[in-house]
Protein chains: 2
Amino acid sequence: MVARRDPSLRERAAAQLRARQQRLTAGREQLIEVLAAADRPLTIPEILHRRRGLAQSSVYRNLVVLEDAGVVHRIVTHDEFARYELADELTGHHHHLVCATCGRVEDVPATAALEKSLDAAVARAARTSGFRTYHHRLDLVGVCSRCA
Amino acid sequence: MVARRDPSLRERAAAQLRARQQRLTAGREQLIEVLAAADRPLTIPEILHRRRGLAQSSVYRNLVVLEDAGVVHRIVTHDEFARYELADELTGHHHHLVCATCGRVEDVPATAALEKSLDAAVARAARTSGFRTYHHRLDLVGVCSRCA
DNA sequence: ATGAGTGCAAAGGCTTTGCATTAGG
DNA sequence: CCTAATGCAAAGCCTTTGCACTCAT
């Protein structure tokens, strides 16, 4: 995820927020920093552990704001916690390896060949359904090395 | 999903339950019937609405049993409720159209071409990660006709 | 009989919200 | 100044669990 080291990350996030009449406050900036530093989606307990000063309620509230602005994505697996990551637009499109046992999620980069097949599937589905599809989400479900 | 009208559905579900030392009770059979009659994953409120006699706690408990036995799959979108459907083994492999607005989920059949690409991606990911992947999950995210 | 399944009600736990305080423009 | 954001605590809400009763083997 080379884009995560992009120095303009902050600026791009700020722009996306401004477009929604939202500010890039200190708390929101810290969330972006934590998520940018991680190589996988994080739960809120994990975020709070990495930035001890943050208030839980503000984290929840700011993640909603950041998600509405398209800066972060929320993902839900089968375990108890939701997970957050920077949006594809900021870090590059990728898919997920999801551990069916512990819920852990890791990133896996998308490849051109696969994306081409997926785009075709999306187009086909759009034709045959009332849905207008915006993007796709591919999870590879298995067991992570920790749980194996 | 032609398999859903398969008269042996009940028998196959019973066999999967027996393999886990579980019985196909009346309550569990009703759950399978409701899910088989639906053409999309259902929330628990929806299930309770369609089978008024069922007790909420038993539904939750039995869906756990059925999921452990591989008879149903639980899927989580972005809205508040989990959704349940019969497992791929009973109804055929398929993907989902997920409405980003209301959380509604519809089925979309898998195609051979796409599955081939996906299998290749799964194999590649398995090589480069500590994950052992069992299956995949593809969601096409968009806006359904109701919310458009 | 005897353990599994059921149903009602209460408890759990992640997430959201109320409200007073603080910060930003 | 005045609206937005924050932080603490309390409330919400889906889901799980305790417990007594019933059913099937």
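Throughout, protein chains are lettered first and strands after them, A, B, ... in sequence-line order, and every chain is numbered starting at 1.
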Whole-Å distance separating the [atom1] atom of [X] from the [atom2] atom of [N]:
| X | N | atom1 | atom2 | answer |
| --- | --- | --- | --- | --- |
| A:Ile44 | C:dC14 | CD1 | C1' | 9 Å |
| A:Leu48 | D:dG7 | CG | C1' | 13 Å |
| B:Leu24 | C:dT6 | CG | C1' | 15 Å |
| A:Glu29 | C:dA23 | CD | P | 17 Å |
| A:Gln21 | C:dG24 | CD | C1' | 16 Å |
| A:Tyr84 | C:dT15 | OH | C1' | 9 Å |
| A:Arg28 | D:dA4 | CZ | P | 11 Å |
| B:Leu17 | C:dA4 | CG | C1' | 13 Å |

| message | Base, sugar-phosphate or nothing for B:Gln56? Non-hydrogen atoms, less than 4.0 Å. | response |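 Counting heavy atoms under 4.0 Å across all strands, the contact made by B:Gln56 includes a base.
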| request: Name the nucleic acid region contacted by B:Thr25, choosing base, sugar-phosphate or nothing; use a 4.0 angstrom heavy-atom cut-off, strictly under. | output: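 Sugar-phosphate contact only - B:Thr25 comes under 4.0 Å of backbone atoms but never of a base.
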| task | Taking only heavy atoms on the protein side, list every residue of residues 68-83 of chain A lying under 4.0 Å from any atom of DNA chain D, sorted numerically. | result | none
| task | Encode nucleotides 20-25 of chain D as B, S and - characters from 5' to 3', where the letter depends on protein heavy atoms closer than 4.0 Å: B to the base, S only to sugar-phosphate, - to neither. | result | ------
Among the nucleotides [options], which one has an atom lying closest to any side-chain atom of [X]?
| X | options | value |
| --- | --- | --- |
| B:Tyr60 | C:dG5, D:dG7, D:dC14 | D:dC14 |
| A:Arg61 | D:dT15, D:dC8, D:dT17 | D:dC8 |
| A:Ser57 | C:dT17, C:dC14, D:dT15 | C:dT17 |

Give a yes or no on whether a salt bridge exists between [X] and [Y], defined as a side-chain N under 4.0 angstrom from a carboxylate O.
| X | Y | result |
| --- | --- | --- |
| B:Arg10 | B:Glu29 | yes |
| A:Glu106 | A:Arg104 | yes |
| A:Glu89 | A:Arg12 | no |
| A:Arg18 | A:Glu11 | no |

| Pair A:His95 + A:His136: ring centers closer than 6.0 Å |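 Yes, ring centres under 6.0 Å apart.
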| Over 12 non-hydrogen atoms of neighbours within 6.0 angstrom of CZ in A:Arg132 | no
| With a cut-off of 6.0 Å (strictly less than), are more than 12 heavy atoms of other residues, nucleotides or ligands near NE2 of A:His49? |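 Counting neighbours around NE2 of A:His49, 12 or fewer heavy atoms of other residues, nucleotides or ligands fall under 6.0 Å, so no.
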Hey, are the side chains of [X] and [Y] touching, using non-hydrogen atoms and a 4.5 Å cut-off?
| X | Y | answer |
| --- | --- | --- |
| A:Leu86 | A:Leu9 | yes |
| B:Val34 | B:Arg50 | yes |
| A:Ile47 | A:Thr43 | no |
| A:Val143 | B:Tyr134 | yes |

Identify all side-chain donor-acceptor contacts of residues 68-76 of chain B below 3.5 Å with residues at least two apart in sequence or on another chain.
| residue | atom | partner | partner atom | Å |
| --- | --- | --- | --- | --- |
| B:Arg74 | NE | B:Tyr84 | OH | 3.4 |

| field | Chi angles and distances behind the side-chain contact (heavy atoms from CB on, under 4.5 Å) call for B:Gln22, B:Leu66 | value | CA-CA 9 Å; B:Gln22 298 283 355; B:Leu66 291 172; over 6 Å; no
| task | Five pairs at each end of the helix from C:dA1-D:dT25 to C:dG25-D:dC1: take the axis at both ends and give me the angle between them to 10°. | result |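 Result, rounded to 10 degrees: 30°.
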| query | Taking OP1 and OP2 of C:dG7, is either one under 4.0 Å from a side-chain nitrogen or oxygen of B:Ser58? | reply | yes
| message | If you compare every side-chain N and O of A:Asn62 against the phosphate oxygens of D:dA5 (OP1, OP2), does one of them come in below 4.0 Å? | response | no
| message | For A:His96, run the side-chain hydrogen bond (donor to acceptor under 3.5 Å, both in side chains) check against A:Arg137, A:Arg40, A:Glu85 and tell me which one passes. | response | A:Glu85
| In residues 99-106 of chain A, which ones come under 4.0 Å of DNA chain C, going by heavy atoms? |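 None, since no heavy atom is under 4.0 Å.
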| task | With sequence neighbours excluded, tell me which residues meet side-chain hydrogen bond (donor to acceptor under 3.5 Å, both in side chains) with B:Glu67. | result | none
